[in-house]
Amino acid sequence: MSEHTTLNVDLGERSYPIYIGQNLLDQADILKKHIPGNSALIVSNETVAPLYLKKVEALLSGIRYESVILPDGEQYKNLEVLNTIFDSLLTHRMDRNTTIIALGGGVVGDMAGFAAASYQRGVHLIQIPTTLLSQVDSSVGGKTGVNHPLGKNMIGAFYQPRAVIADTSTLNTLDDRQLSAGLAEVIKYGLIKDAGFFDWIDQNMNALLKRDPQALAYAIEVSCQTKADVVAADEKESGQRALLNLGHTFGHAIETGMGYGEWLHGEAVGAGMCMAAKMSALLGWLDETQVQKTIAIMQHAKLPTTAPDSMDEQQFLDLMSVDKKVIDGVLRLVLLKNIGDAVVTKDYTQEQLAKTIRISYAT
Ligand code: NAD
Ligand code: GLY
């Protein structure tokens, strides 16, 4: 029996636990107690399945299960590939009491979650995130969906899982670039809400990059607790949940503009947070030292800090105008009043936004 931490996402009758610890995929009781019926569909991908599918299957004795293996990559997070999950559910006669188990990173989690939200108008969902990014962010909070060629995550639903099982041992097989991408979302929590956590990340970056288990466990726990608190207060993003999108409007434009999968989500968000910091300075909110601290922590995490040269200013502006934070034609941006203090604002000029893009290129 391994030790683990359990956090709670407090959503009344729809509350659910987040289990965080090593070797959780060796413990049948945790997964099985969250499966209400006698059937399950495991959704994974061609990279994660060879590593962990057998482990999950071994936990499902007595349950009729099938699996569907998706192609790997952000470019496959679309309606066509989503349909293969429905094909599998129907082919295997999975009924309304079925549990969909998402085994993989954020792409698998978002797609399996959307399938669970919409199959027969909603079946049970369990998230087993296997990337740092999905363990600290995407598996928690119920945002599910797919991309559209014209915009990132534009089609989807809020749909909460019954449990999140974050086995931190799975991070041992993650490559370094993906680890850094996950660190972007960890840094995000420090930047938006918790200056002390930002400093802790800064001081412990080498340990995090070396995958020190204690440092990673602490970073994941603080991140999940922050996300759980925000989601409990504002599940459907009518207020403070939007703060979790710091850097995302710039980042989503980069992901879409460069072609899905070219820049990793976390990389685009890392550069996007640097752009948000620069814009916050243009508005007179951050001082230059804080901007440089933001850029330095991204560099330390081995994340990009500048906008891609191949995207011009107009392309950025066009893509940002289809962001989900556009309300009645006005784009809200998440910016920083301070490190540890983010706000959602529409109090900026188009010229300030355009200038932010211009000053964010490396050259
Ligand atoms: P990902 O799902 O593409 O996974 C990254 C890569 O790592 C993939 O190649 C995957 O196959 C591989 N992988 C996964 N687990 C592994 C393991 N243990 N060992 C080795 N390889 C492994 O990317 P991601 O960074 O996990 O997630 C990004 C996605 O999450 C984006 O689509 C983003 O939009 C979404 N997202 C959603 C939310 C949300 O709230 N729903 C929040 C943040 C991000
Ligand atoms: N990743 C942003 C959110 O979950 O709201």
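Numbering of ligands and ligand atoms starts at 1, following listing order.
- In terms of N/O distances under 3.5 Å, ligand 2 is not approached by Asn245.
- Among residue pairs with one or both ends in residues 237-260, those qualifying as ring-ring contact (aromatic ring centres under 6.0 Å, His included) are His248-His252, His248-His265, His252-His265; sequence neighbours excluded.
- Salt bridge absent: Glu237 and Lys324 never bring a charged side-chain N and a carboxylate O closer than 4.0 Å.
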Nitrogen or oxygen contacts under 3.5 Å, ligand 1 side and protein side:
unit_1: ligand 1; atom_1: 2 (O); unit_2: Gly106; atom_2: N; d: 3.0
unit_1: ligand 1; atom_1: 2 (O); unit_2: Val107; atom_2: N; d: 2.9
unit_1: ligand 1; atom_1: 9 (O); unit_2: Asp72; atom_2: OD1; d: 3.0
unit_1: ligand 1; atom_1: 9 (O); unit_2: Asp72; atom_2: OD2; d: 2.7
unit_1: ligand 1; atom_1: 11 (O); unit_2: Asn45; atom_2: ND2; d: 2.9
unit_1: ligand 1; atom_1: 11 (O); unit_2: Asp72; atom_2: OD1; d: 3.1
unit_1: ligand 1; atom_1: 11 (O); unit_2: Asp72; atom_2: OD2; d: 2.9
unit_1: ligand 1; atom_1: 15 (N); unit_2: Thr130; atom_2: O; d: 3.3
unit_1: ligand 1; atom_1: 15 (N); unit_2: Thr130; atom_2: OG1; d: 2.7
unit_1: ligand 1; atom_1: 18 (N); unit_2: Thr130; atom_2: O; d: 2.9
unit_1: ligand 1; atom_1: 18 (N); unit_2: Thr170; atom_2: O; d: 2.9
unit_1: ligand 1; atom_1: 18 (N); unit_2: Thr173; atom_2: OG1; d: 3.3
unit_1: ligand 1; atom_1: 19 (N); unit_2: Thr173; atom_2: O; d: 3.3
unit_1: ligand 1; atom_1: 19 (N); unit_2: Thr173; atom_2: OG1; d: 2.7
unit_1: ligand 1; atom_1: 26 (O); unit_2: Gly106; atom_2: N; d: 2.8
unit_1: ligand 1; atom_1: 26 (O); unit_2: Thr131; atom_2: OG1; d: 2.6
unit_1: ligand 1; atom_1: 27 (O); unit_2: Gly106; atom_2: N; d: 3.2
unit_1: ligand 1; atom_1: 32 (O); unit_2: Glu74; atom_2: OE1; d: 2.7
unit_1: ligand 1; atom_1: 32 (O); unit_2: Glu74; atom_2: OE2; d: 3.1
unit_1: ligand 1; atom_1: 32 (O); unit_2: Lys77; atom_2: NZ; d: 2.7
unit_1: ligand 1; atom_1: 32 (O); unit_2: Lys152; atom_2: NZ; d: 3.2
unit_1: ligand 1; atom_1: 34 (O); unit_2: Lys77; atom_2: NZ; d: 3.2
unit_1: ligand 1; atom_1: 34 (O); unit_2: Lys152; atom_2: NZ; d: 2.7
unit_1: ligand 1; atom_1: 34 (O); unit_2: Asn153; atom_2: ND2; d: 3.4
unit_1: ligand 1; atom_1: 40 (O); unit_2: Lys227; atom_2: NZ; d: 3.4
unit_1: ligand 1; atom_1: 41 (N); unit_2: Asp110; atom_2: OD1; d: 3.0
unit_1: ligand 1; atom_1: 41 (N); unit_2: Lys143; atom_2: O; d: 2.8

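- Sorted by first then second residue, the side-chain hydrogen bond (donor to acceptor under 3.5 Å, both in side chains) pairs that include residues 266-281, not counting sequence neighbours, are Arg177-Glu267.
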Got a list of side-chain donor-acceptor pairs under 3.5 Å for residues 147-157, not counting sequence neighbours?
unit_1: Asn147; atom_1: OD1; unit_2: Asn153; atom_2: N; d: 2.9
unit_1: Asn147; atom_1: ND2; unit_2: Glu74; atom_2: OE2; d: 2.7
unit_1: His148; atom_1: ND1; unit_2: Leu150; atom_2: N; d: 3.0
unit_1: Lys152; atom_1: NZ; unit_2: Glu74; atom_2: OE2; d: 2.5
unit_1: Lys152; atom_1: NZ; unit_2: Glu255; atom_2: OE1; d: 3.3
unit_1: Asn153; atom_1: OD1; unit_2: Lys77; atom_2: NZ; d: 2.7

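- Electrostatic pairing of Asp176 and Arg211 counts as a salt bridge here, judged by a charged N lying under 4.0 Å from a carboxylate O.
- The shortest separation from a heavy atom of Lys227 to ligand 2 is under 4.0 Å, placing the residue in contact.
- Going from atom CD1 of Ile165 over to atom NE2 of His34 covers 6.5 Å, rounded to the nearest 0.5 Å.
- Each of the atoms 1 (N) of ligand 2 lies under 4.0 Å from some heavy atom of Asp137.
- Considering both main-chain and side-chain atoms, His248 never comes within under 3.5 Å of ligand 2 through any nitrogen or oxygen pair.
- The pair Lys54-Glu57 does not meet the salt-bridge criterion, since no charged nitrogen lies less than 4.0 angstrom from a carboxylate oxygen.
- Hydrophobic clustering of Ile, Leu, Val, Met, Phe, Trp and Tyr side chains at less than 4.5 Å, counting indirect connections, keeps Met311 apart from Leu264.
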